[in-house]
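What follows is a set of notes on a single structure, which appears directly below.
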Amino acid sequence: MNKYQVKTLEGQKKIEVDVPGSKSITNRALLMAALSEGRTVLKNVLFSDDSRYFLQALQDLGFQTEVNELEKTVTVVGTGGKIPLNHVTVYTGSAGTASRFLTAMLGLSGGSYTVDASEQMKKRPMKPLFQALEQLGVQFEYLEREYFLPVKILGKKEGKQKAILDIETTSQPLSALLMTGLMLPELEICVTGKKKTGSYVEITRRMMSAFGCTTDFDGISYFIKKGSRYQREEYQIEPDVSAACYFYGIAALNGGSAIVRNVHTDTLQGDIQFIKVLEKMGCSIEEISQGIRVSAPKSGVLHGLTVDMNHFSDQALTLAALAVFADTPVKITNIEHIRFQECDRIRAISENMKRLGIRCEEGSGELTIYPGETKTAEIETYEDHRVAMAFTLVGLGRKGVTILNPMCCRKTFENYYEIIESLY
C-alpha cells in the first residue's frame, strides 16, 4: 500500500481496542532475557519490524529461542552474560533500540562482531554510546563514517570501570550501558549535561530491578554493583501506551470516547502523561477495570495550550495533529531531540502542516501550531511510523488527507490501519 486515503469518521464513536505490546519494553526484555541465567518466558511480546530485527539478531548470535506469534510469547534461554557465537554480523534495520542495545552488549562481551543497519539508521546519532564504550576498552572499526553504523567490533582491551555520557540527544545509550553493565565487574556511568534522567531511563531501571538487578543513582552517576545478575522465569510486557494515545486522540477530536484495554495509570511508560494534556484540553479521564477511558470535551471544543513534552516527546506528533482542531494555538516546547529520531520530527510536523494549509511556526526545540481549516494534502511520512499514525488523525476529522507510505507503521504497529478501518 503506497497511499492511504483517510476517510472522515461520521458520528461520535465509542472506541474500545487492543494495542500491541510496547516496543521499548519488548526490546529491553529480549536483551535482559538473553543476559539472564536460565530460561525466561516473555508474554504479550510486540511482533513488528523493530522487535523482529532484535529477535533475529539474538538468534543469529546463537541464543536459543522459542517464538509463538499467535500467543505473543517468546522464550529465551539466557547464557549469563556470555554470547554463544563469535564473528557474527547482525542487522538491526531502522531500530534505534536494537542498534544501541546490541552494540553495547556485543562491545562489552569482548568478542568480534559487525553491526549493520538501514540507511535511515546509519544517519542517527551513535557517537555518545561509541565514545562511552571506547572509554570502557571496546575497540571499533568504523566501516563508513566515524561514530556511525555500520561498525566492526574488534574486541575489548583493559579499560576503565567508568564511562562519561551525554544524553541530551537521546537517552538510549544510557539505557544500553545500564542494561549491559553487569557484563563488567562493576560500572559507573557519569552523566554530563543538564539532562540526567528521563522516562525511558526509568523504564530501564524498573525493568532491571524486576529482572533482579538494582541500580543506584546519586544525581550525577549511575552505578551497577559488583556481582549483579539477571534471572526471571516469566515477564509480562505492557501494552504500548504510545500506540494507545492515537486512539485517545481520535476520541478527543471525534466527540466520542476511547478505552484501550489493559492500559492503566500505573504503567512503566512515560507517554501516559499525555492523558493529562488531553485533560487540560477539556477531555475527561476515567480509570476503569478494562483500562483508561478518555472522553471528548462535553463542550465539543478542544482548548489550546503550551506544554513541555521533553519526557513524552513521542506524543508531540499526536498533539500536533490535535492542534488543528483546537480553539487557540498549541505550543509544544523542549523537543529539540526529536530532530534526531527516525526523521527530523520537528521539520516533519512543520512541513506537513504547510501542506495542510495550517500555520506552523518552528523554533529552537519548539513548535507553535495555529488551528484552522485544512486543504486537500498528501502527508509525507519520511519513513517515520509516528508521522504516519499521528497525521492519520487529521484525516479522520477533516476530508482530503492522504498518507504516503503508510505501512512504515510496521516498525511498531503492524495492524494500525486495520484497526482504523474497523472504526468506520
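All values below come from the heavy atoms of this structure, side chains included, with hydrogens, waters and symmetry mates left out.
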- Taken in chain and number order and not counting sequence neighbours, the residues that satisfy side chain to side chain contact (heavy atoms under 4.5 Å, CB included) with Gln139 are Leu154, Lys157

Quick one: side chains of residues 201-211, donor-acceptor pairs under 3.5 Å with protein atoms, not counting sequence neighbours, listed by atom name and distance.
from, atom 1, to, atom 2, distance (Å)
Glu202, OE2, Thr197, OG1, 2.9
Thr204, OG1, Arg28, NE, 2.8
Thr204, OG1, Arg28, NH2, 3.4
Thr204, OG1, Ser175, OG, 2.7
Thr204, OG1, Tyr200, O, 3.0
Arg205, NE, Thr215, OG1, 2.8
Arg205, NH2, Thr215, O, 3.2
Arg205, NH2, Thr215, OG1, 3.4

- Query: For Lys82, what residues pass the side chain to side chain contact (heavy atoms under 4.5 Å, CB included) criterion, not counting sequence neighbours?
  - Reply: Thr79

- Query: Who pairs with Asp60 by salt bridge (Lys or Arg N to Asp or Glu O under 4.0 Å), at least two apart in sequence or on another chain?
  - Reply: none

- Task: Could you list the residues that satisfy salt bridge (Lys or Arg N to Asp or Glu O under 4.0 Å) with Glu134, not counting sequence neighbours?
- Result: none

- Item | salt bridge (Lys or Arg N to Asp or Glu O under 4.0 Å) pairs, two or more places apart, involving residues 397-418 | Asp50-Lys411, Arg52-Glu414, Glu342-Lys411

- Are a donor atom and an acceptor atom from the side chains of Tyr4 and Glu421 found within less than 3.5 Å of each other? yes

- Partners of Glu279 by salt bridge (Lys or Arg N to Asp or Glu O under 4.0 Å), sequence neighbours excluded? none

- Could you tell me whether the side chains of His337 and Ser313 share a donor-acceptor contact shorter than 3.5 Å? yes

- Query: Does atom NZ of Lys196 have more than 12 heavy-atom neighbours from other groups under 6.0 Å away?
  - Reply: yes

- Message: Does Arg232 qualify as a cation-pi partner of Tyr235, given the criterion of NZ or CZ under 6.0 Å from the six-membered ring centre and within 45 degrees of its axis?
- Response: no

- Query: Quick one: ring-ring contact (aromatic ring centres under 6.0 Å, His included) pairs with a partner in residues 76-112, sequence neighbours left out?
  - Reply: Tyr53-Tyr91

- Taking only residues two or more places apart in sequence or in another chain, which ones pass side-chain hydrogen bond (donor to acceptor under 3.5 Å, both in side chains) with Thr65? Gln59

- Cys408: side chain to side chain contact (heavy atoms under 4.5 Å, CB included) partners, not counting sequence neighbours: Thr381, Ala388, Asn405

- Query: Quick one: side chain to side chain contact (heavy atoms under 4.5 Å, CB included) partners of Ala377, sequence neighbours excluded?
  - Reply: Arg355, Leu356

- Note on the structure: Residue set satisfying salt bridge (Lys or Arg N to Asp or Glu O under 4.0 Å) with Glu234, at least two apart, ordered chain then number -> Lys43

